[in-house]
Amino acid sequence: MTTSRILAIVLAGGEGKRLMPLTADRAKPAVPFGGIYRLVDFVLSNLANGGYLKIVVLTQYKSHSLDRHVSRTWRLSAMLGNYVTPVPAQQRLGPRWFAGSADALFQNLNLIYDELPEHCIVFGADHIYRMDPQQMVRQHVDSGADVTVAAIRQPLTMADQFGVIETDPAGRRIVAFREKPTDAIGLPDAPDQIYASMGNYVFKTQALIDALREDALDPSSRHDLGGDIIPMFVKAGGAEVYDFADNVVPGSTERDRGYWRDVGTLDAYYEANMDLVSAHPVFNLYNSHWPIYTGHDPLPPAKFVHNDGDRVGQAHDSLVSPGVIVSGGTACRSILSPGVVMHSHSQVEDSVLMGGVKIGRGAIVRRAIIDKNVVVPDGARIGLDLEYDRSRFAVTRAGVVVIAKNEIIDR
């Protein structure tokens, strides 16, 4: 099937409460990741690399940063009818916000009517992964299913952390879709594993429209795709699973194939960033056959200055973005985003510094996430005394210190 008969819809309205304070001033899909990216760049890159170039991004919560990023970065050829368009909540059906992911689609059915696609791709916006969506669409079309749900294999012992898909003995038709069950059943070909929903779907367009209309009339519904719409299709026998393990992305290796991370918590977000700074990371940002696209300001190359005794500008096992200046400081196992400046004798270890962060002379930062434009004063200590840090910042269960955007820090 040609990609022109398919509309891609990205659900990007999530508030991301568990990522506070990183989501205090922005929607979850707009949270920076890996130095130069935003979370939404990963799903958009997968769709664009797969040839799906009619994409609407549904936004709602504190969407300005996200809308601006999509509008400035994701420009496609209008001459060829291609577009990536952010669509804020329009309240087309009355003065109310989206009540759930299904309601978000229902309130934007005009977008589907405008294109009249045969099938709709509906993907979430806040996971880190590479995926060729054409392979999932091909299975969906060949099977004749009303909906196909992408799933990743996870240990049976972790079933209570996911939306779990149970299949018939053949392993394709979905017979149950349950949220975080404690009595999940293993897969037919792997009793010690379960299928965890990735929040990625392909629908027959008319089947989706009919289901959304029915759901909108149900006062008991939560109007959620995973919780309400997919069980409707399962009950009717029209739902199939797509095994993410079968997806092969150009340029991938057996080591990074099937990589997928849900960064819904601060610790998960931190760990996914730290995955990138190892000498041989599992997720390979340098796969030029399936690039992750983004955009950023026209900044100069990163610069490391001073080589004078113990005043040496250096970075080890780190990602260093454009516009960074390491002036006599040392970064180790860290991510330095565009415009970060480290002054003499400063030390940053196992940390994520977002755009414009300034680290003062002699300051030490360990196991921290510091959001944009924060100035760490000369001689400050962050991450060395967690009890003191808890009195002024957020500290995660794993002991990662998180400092909000533009926060003022006392020494």
Side-chain angles (χ1 to χ4, degrees), residues 1-14 26-31 36-93 98 101-127 129-138 140-141 150 199-206 208-209 212 225 249 290-297:
M1 169 172 289
T2 63
T3 57
S4 63
R5 300 306 306 275
I6 294 176
L7 175 66
I9 303 172
V10 175
L11 299 174
R26 59 169 79 90
K28 182 179 177 182
V31 171
I36 63 173
Y37 306 99
R38 305 281 187 129
L39 293 181
V40 74
D41 289 327
F42 291 84
V43 63
L44 293 178
S45 295
N46 286 327
L47 292 168
N49 285 324
Y52 299 107
L53 302 178
K54 296 179 185 293
I55 307 171
V56 292
V57 182
L58 305 186
T59 67
Q60 176 168 261
Y61 171 83
K62 294 185 179 178
S63 64
H64 172 68
S65 176
L66 178 58
D67 293 336
R68 181 180 59 186
H69 174 75
V70 173
S71 297
R72 292 177 59 188
T73 301
W74 289 91
R75 295 182 178 179
L76 302 181
S77 173
M79 180 186 300
L80 301 178
N82 301 326
Y83 56 83
V84 180
T85 303
V87 182
Q90 303 175 76
Q91 299 189 351
R92 295 177 64 92
L93 302 179
F98 301 148
S101 53
D103 187 51
L105 293 176
F106 181 69
Q107 289 199 43
N108 285 283
L109 281 176
N110 63 296
L111 303 173
I112 296 175
Y113 296 144
D114 288 346
E115 286 292 342
L116 296 177
E118 290 186 30
H119 300 270
C120 291
I121 296 172
V122 180
F123 279 15
D126 44 21
H127 297 127
Y129 67 112
R130 277 190 176 90
M131 176 184 184
D132 180 359
Q134 278 203 31
Q135 296 168 32
M136 180 180 176
V137 171
R138 191 177 305 123
H140 171 76
V141 173
N200 290 356
Y201 314 99
V202 182
F203 294 92
K204 284 183 180 177
T205 299
Q206 191 57 52
L208 174 61
I209 292 172
L212 293 174
L225 276 177
V249 172
W290 197 270
I292 306 301
Y293 298 105
T294 192
H296 49 77
D297 295 331

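Along the sequence shown, residues carry numbers from 1. Values in this document were obtained by computation on a predicted structure and should not be read as measured data.
- The CG atom of Asn108 sits 8.0 Å away from the CD1 atom of Ile9 when rounded to the nearest 0.5 Å.
- Counting only heavy atoms from C-beta outward, the side chains of Val137 and Tyr52 approach each other to under 4.5 Å.
- Just one residue in the list Val84, Thr73, Asn49 forms a side chain to side chain contact (heavy atoms under 4.5 Å, CB included) with Leu44, and that residue is Val84.
- Judged purely by atom type and a 3.5 angstrom limit, Asp67 has no side-chain atom pairing as donor or acceptor with the backbone of Pro86.
- For the atom pair Lys54 NZ and Leu47 CG, the distance stands at 14.0 Å (nearest 0.5 Å).
- Once rounded to the nearest 0.5 Å, the distance linking CD of Gln134 with NE2 of His140 reads 14.0 Å.
- Judged by distance alone, the side chains of Ser65 and Arg38 do bring a donor and an acceptor atom under 3.5 Å apart.
- Met131 and Ala150 make their closest contact through CE-CB, 4.2 Å (heavy atoms, listed as atom of the first residue, atom of the second, distance).
- Counting only heavy atoms from C-beta outward, the side chains of Gln60 and Leu11 never approach each other to under 4.5 Å.
- The backbone N or O of Ile36 sits less than 3.5 Å from a side-chain atom of Thr294, completing a donor-acceptor pair.
- The shortest non-hydrogen separation linking Ala12 to Leu66 is O-CD2, 3.5 Å.
- With contacts defined as side-chain heavy-atom distances shorter than 4.5 Å, the pair Lys204/His119 qualifies.
- Using cut-offs of 30° and 60° for the angle between ring planes, the Tyr293 and Trp74 rings count as perpendicular.
- The heavy-atom pair separating Cys120 from Thr205 by the smallest distance is SG-OG1, 3.6 Å.
- Here the side chains of Asp41 and His69 are in contact, with some heavy-atom distance below 4.5 Å.
- Using a 4.5 Å cut-off on side-chain heavy atoms (C-beta onward), Phe123 and Asn200 make contact.
- Considering NZ of Lys62 and NZ of Lys28, their distance stands at 15.5 Å, rounded to 0.5 Å.
- Contact check for Val31 versus Arg26: side-chain heavy atoms found under the 4.5 Å cut-off.
- Judged by distance alone, the side chain of Arg130 and the main-chain N or O of Val249 form no donor-acceptor pair under 3.5 Å.
- Ala102 and Leu212 make their closest contact through O-CD2, 3.5 Å (heavy atoms, listed as atom of the first residue, atom of the second, distance).
- With values rounded to the nearest 0.5 angstrom, Asn82 atom CG is found 6.0 Å from Ser77 atom OG.
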So Leu111 and Leu58, side chain to side chain contact (heavy atoms under 4.5 Å, CB included) or not? Walk me through it. CA-CA 10 Å; Leu111 303 173; Leu58 305 186; 3.8 Å; yes
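- Among all heavy-atom pairs drawn from Tyr129 and Asn46, the shortest one is O-ND2, 3.3 Å.
- When each of Ile209, Leu225, Ile112 is checked for a side chain to side chain contact (heavy atoms under 4.5 Å, CB included) with Phe203, only Leu225 meets the rule.
- Minimum heavy-atom separation, Arg75 to Arg72: NE-O, 3.8 Å.
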